[in-house]
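Contents: one structure, followed by commentary.
Atoms within a ligand are numbered from 1 in the order they appear, just like the ligands themselves.
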Amino acid sequence: MKHPISIAGGGLAGLSLGIALQSRGVPVTLYEASTYPRHRVCGEFISGVSDETLAALGIDSCLAGATSLQSVSWSDGAGKLAEMDAPGRGVSRWQLDDLLQRQFVAQGGTLHTNSRAVPAVGVVWAAGRPRKPSPWLGLKCHARRLALSHDLEMFTSPFGYVGLSKIEDGKVNICGLFKSGRTDGAKGTGLLIAVLRRCALNALADRLEDAELDESSFCGAAGFQTGTQDGPSFRIGDAAAMIPPFTGNGMSMAFESAECGLQPALDYASGRISWTEAGGAAAAGQSARFRRRMTTAGLLHRFLMNPTGLKLIGALARSGCLPFQSILHLVR
Ligand SMILES: Cc1cc2nc3c(=O)[nH]c(=O)nc-3n(C[C@H](O)[C@H](O)[C@H](O)COP(=O)(O)OP(=O)(O)OC[C@H]3O[C@@H](n4cnc5c(N)ncnc54)[C@H](O)[C@@H]3O)c2cc1C
C-alpha cells in the first residue's frame with residue numbers, strides 16, 4: 001500500500017469502514033474521542049440495511065445477535081394512530097459499537113481511544129454530527145420491566161417524538177428527539193419523564209415511572225442539525241449527512257456510507273487517485289444513494305414538528321389514508 005488510512009471517529013461508520021479496509025489489507029489507524037463500551041443517544045432500531053452491505057463490510061457477525069423486530073405502532077397523546085410492519089433489528093450501541101471495535105482490533109487495526117483526530121489528508125472523517133446551534137435535544141435510556149405492545153412503539157407530539165424499541169436481554173431502549181424547553185431542573189431519567197409530560201404524553205410517562213429505568217444508560221445530546229453537513233473532504237456517516245431520527249435509518253446510512261467510501265479509500269491507499277478525488281467519489285456515491293430518503297425525511301420531519309402538519313398527518317393516519325408502506329419505501 002502506498003498510503004496508510006486513518007479514521008476520525010469510532011462509531012458505526014468509522015468502525016465498519018476500518019474493518020472493511022483492514023480485511024482488504026489496508027492498515028488503518030482509528031481515533032475515537034471516547035472509549036468502549038459506552039451509551040450513545042440513539043433509538044437503537046436498525047432498519048433498511050441489506051445483508052449484502054453487511055457482508056461486503058464484513059460486519060454481519062456483529063449484528064447476528066440483534067433482536068429481530070417486526071411490528072410497529074404509532075400513537076399520539078390521544079391514543080393509537082396506526083399499526084404497521086417494519087422489519088428491523090434491535091441492539092444497544094453499548095453492545096454493537098463494542099463488538100465492532102473488538103473485530104477491528106482483532107483484524108489488526110490500530111485503535112486509539114480517548115483520542116481526537118484533526119482533519120488532514122488521509123483521514124476519513126467519521127466523527128458524527130457536527131456541533132451547530134439548534135433547538136433539538138436528544139435523550140435516551142434503557143429500561144427493564146417495561147412491556148411493549150409492539151416491537152417498536154412510536155409516539156409523536158408537537159414538541160417532539162420518542163420511540164421505545166426492544167433490544168438485547170429483554171431490555172427496552174427509550175429515545176426521543178425534542179424541542180428544547182423548560183424542564184424545571186429535572187435531571188437524568190427524571191428529565192426524560194418531565195419532557196414526555198411537557199409533550200402531553202402522560203400515559204407513556206406513567207408507564208416509565210412504573211418501569212425500572214437504568215440511570216447509568218441515560219444520555220443526552222444537543223447542538224446538532226439534521227441534513228447534509230459541511231466538513232473535511234472525505235466524510236461518511238452523520239458527518240456527511242444526518243437523516244431525521246424518526247426514520248430509524250441513520251445507523252443503516254452509517255453502514256451504507258462506509259460501503260460508499262470503501263472503493264475510493266482503497267483507490268487512494270493503492271495510489272490510483274488523490275485524496276481529493278477519493279473524497280469526491282465517496283460524496284458522489286452517498287449523494288446518489290441517499291438523496292431520495294434525505295429529501296423525503298426532511299419534508300416529513302417538518303410536518304411532524306409543526307402542530308398543523310402533525311394534526312393533518314394524525315387525521316390521515318386515524319382514517320387509514322396514510323400510505324405507510326410507500327412512505328417507508330421512500331425513506332429506505
Ligand atoms: C435522538 C436520536 C435517535 C436516533 N435513533 C435512531 C434509530 O432508531 N435508528 C437509526 O438507525 N438511527 C438513529 N439515530 C441516528 C444514529 O444514531 C446515527 O445516524 C449514527 O449513530 C451515525 O453513526 P456515525 O458513525 O456516523 O456517528 P456516531 O455514532 O455519532 O459516531 C461518531 C464517533 O466519533 C467520535 N468523535 C467525534 N469527534 C471526534 C474526533 N475529532 N476524533 C475522534 N473521534 C471523534 C465520537 O465520540 C463518536 O464515537 C438517532 C439519532 C438521534 C440523535
* Would you call Gly163 a ligand 1 contact, heavy-atom distance under 4.0 Å? -> no
* Closest to atom 51 (C) of ligand 1 (judged by heavy-atom distance), picking from Pro245, Ser165, Gly138, Ser257 -> Pro245
* **Any side-chain donor near an acceptor of the partner, Ser71 and Glu83, under 3.5 Å** => no
* Structure fact -> Among non-hydrogen protein atoms, atom 34 (O) of ligand 1 lies closest to Gly9 CA, 3.2 Å
* Asked: For the residue pair Tyr161 and His301, does the interplanar ring angle fall in the parallel (under 30°), tilted (30 to 60°) or perpendicular (over 60°) class?
  -> perpendicular
* Asked: Does the pair Glu44 and Lys171 meet the rule for a salt bridge (charged side-chain N to carboxylate O under 4.0 Å, His left out), with working shown?
  -> CA-CA 12 Å; Glu44 304 183 339; Lys171 288 184 287 188; over 6 Å; no
* Backbone N or O of Val49 within a donor-acceptor pair of the Ser252 side chain at under 3.5 Å? -> yes
* **Heteroatom proximity flag, Gly250 to ligand 1, N/O under 3.5 Å** => yes
* Return yes when Val41 approaches ligand 1 closer than 4.0 angstrom through a heavy atom, no otherwise. => yes
* Between Ser34 and Glu32, is any side-chain donor less than 3.5 angstrom from a side-chain acceptor? -> yes
* Asked: Applying a 4.0 Å heavy-atom criterion (strictly less than), which segment of Arg40 is in contact with ligand 1: side chain, backbone, both, or neither?
  -> side chain
* Specify the protein heavy atom at minimum distance from atom 27 (O) of ligand 1: its residue, its atom name, and the distance to 0.1 Å. => Gly128 CA, 3.6 Å
* Examine Ala239 against ligand 1 and note whether any of their N/O atoms are separated by less than 3.5 Å. => no
* In ligand 1, which numbered atoms sit nearer than 4.0 Å to a non-hydrogen atom of Gly176? -> 1 (C)
* Answer with side chain, backbone, both or neither: which part of Ala127 has a heavy atom less than 4.0 angstrom from an atom of ligand 1? => both
* To do: Please answer: with hydrophobic residues joined when any side-chain heavy atoms are less than 4.5 Å apart, are Ile236 and Val26 in the same cluster?
  => yes
* To do: May I ask you to check whether Phe224 has an N/O atom sitting below 3.5 Å from an N/O atom of ligand 1?
  => no
* Considering Gly88, Gly237, Gly43, which one's heavy-atom position lies nearest to atom 4 (C) of ligand 1? -> Gly43
* Would you check whether Asp97 has a nitrogen or oxygen atom less than 3.5 angstrom from a nitrogen or oxygen atom of ligand 1? => no
* To do: If you have a sec, work out which protein heavy atom is nearest atom 11 (O) of ligand 1 and how many Å separate them, to one decimal?
  => Met251 N, 2.7 Å
* Asked: In terms of atom number and element, which parts of ligand 1 are under 4.0 angstrom from non-hydrogen atoms of Gly11?
  -> 25 (O), 29 (O), 31 (O), 33 (C)
* **Arg292 CZ: over 12 foreign heavy atoms closer than 6.0 Å** => yes
* Polar atom proximity, Cys42 to ligand 1 (N or O, under 3.5 Å) -> no
* If two hydrophobic side chains count as joined below 4.5 Å and joins carry through other members, does Val41 share a cluster with Ile174? -> no
* Leu152 reachable from Ile327 in the ILVMFWY side-chain graph, under 4.5 Å edges -> yes
* To do: Can you sort out which atoms of ligand 1 are near Asn249, meaning under 4.0 Å from one of its heavy atoms?
  => 10 (C), 11 (O)
* Among all protein non-hydrogen atoms, which one is nearest to atom 9 (N) of ligand 1, and what is the separation to 0.1 Å? -> Phe45 O, 2.7 Å
* Asked: At a 4.0 Å cut-off, with the gap strictly under it, does some heavy atom of Ala126 reach an atom of ligand 1?
  -> yes
* To do: Please identify which atoms of ligand 1 are closer than 4.0 Å to at least one heavy atom of Met242.
  => 53 (C)
* Asked: What's the shortest distance from atom 42 (N) of ligand 1 to any protein heavy atom, and which residue and atom give it?
  -> Ala117 N, 3.0 Å
* Do any N/O atoms on Ala33 end up under 3.5 angstrom from N/O atoms on ligand 1? -> yes
* Asked: With a 4.0 Å cut-off on heavy atoms, is Trp125 touching ligand 1?
  -> yes
* Can you check whether Ile236 has an N/O within less than 3.5 Å of an N/O in ligand 1? -> no
* Can you find an N or O of Gly14 that's nearer than 3.5 Å to an N or O of ligand 1? -> no
* Taking everything shown except Asn114 itself, do over 12 heavy atoms lie less than 6.0 Å from its CG? -> yes
* Asked: Does a side-chain N-to-carboxylate-O contact under 4.0 Å join Asp151 and Arg89?
  -> no
* Side chain of Ser217, backbone of His142: donor and acceptor closer than 3.5 Å? -> yes
* **Within 6.0 Å of NZ in Lys311, more than 12 heavy atoms from elsewhere** => no
* To do: Determine, using the 4.5 Å side-chain heavy-atom cutoff (strictly less than), whether Leu192 and Leu148 are members of one ILVMFWY cluster.
  => yes
* Structure fact -> Nearest non-hydrogen protein atom to atom 23 (O) of ligand 1, with distance, is Ala254 CB, 3.7 Å
* Arg129 heavy atom under 4.0 Å from ligand 1 -> yes
* Looking only at protein heavy atoms, which one is nearest to atom 19 (O) of ligand 1, and how far off is it? -> Asp238 OD1, 2.8 Å
* Provide the number and element of each atom of ligand 1 under 4.0 Å from a heavy atom of Arg38. => 49 (O)
* Are Phe155 and Val195 linked, directly or through other ILVMFWY residues, by side chains that come within less than 4.5 angstrom of each other? -> yes
* May I ask whether Ala240 places a heavy atom under 4.0 Å from ligand 1? => no
* Any Arg93 heavy atom less than 4.0 Å from ligand 1 -> yes
* Is the Trp275 ring parallel, tilted or perpendicular to the Tyr268 ring (thresholds 30°, 60°)? -> perpendicular
* Asked: Which atoms from ligand 1 have a heavy atom of Ala13 less than 4.0 Å away?
  -> 25 (O), 26 (O)
* To do: Could you list which atoms of ligand 1 come closer than 4.0 Å to a heavy atom of Tyr31?
  => 43 (C), 44 (N)
* Are more than 12 heavy atoms from other residues, nucleotides or ligands located less than 6.0 Å from atom NE2 of His112? -> yes
* Ignoring hydrogens and geometry, is there a side-chain-to-backbone donor-acceptor pair from Arg207 to Ala147 under 3.5 Å? -> yes
* Please indicate whether Arg302 has more than 12 foreign heavy atoms, meaning atoms of other residues, nucleotides or ligands, lying under 6.0 Å from its CZ. => no
* **Counterpart residues, salt bridge (charged side-chain N to carboxylate O under 4.0 Å, His left out), relative to Arg93 (two or more places apart)** => Asp97
* Structure fact -> Residue, atom and distance of the protein heavy atom nearest atom 33 (C) of ligand 1 read Glu32 OE1, 3.6 Å
* Counting from 1, what ligand 1 atoms have a heavy atom of Cys175 closer than 4.0 Å? -> 1 (C), 2 (C), 3 (C)
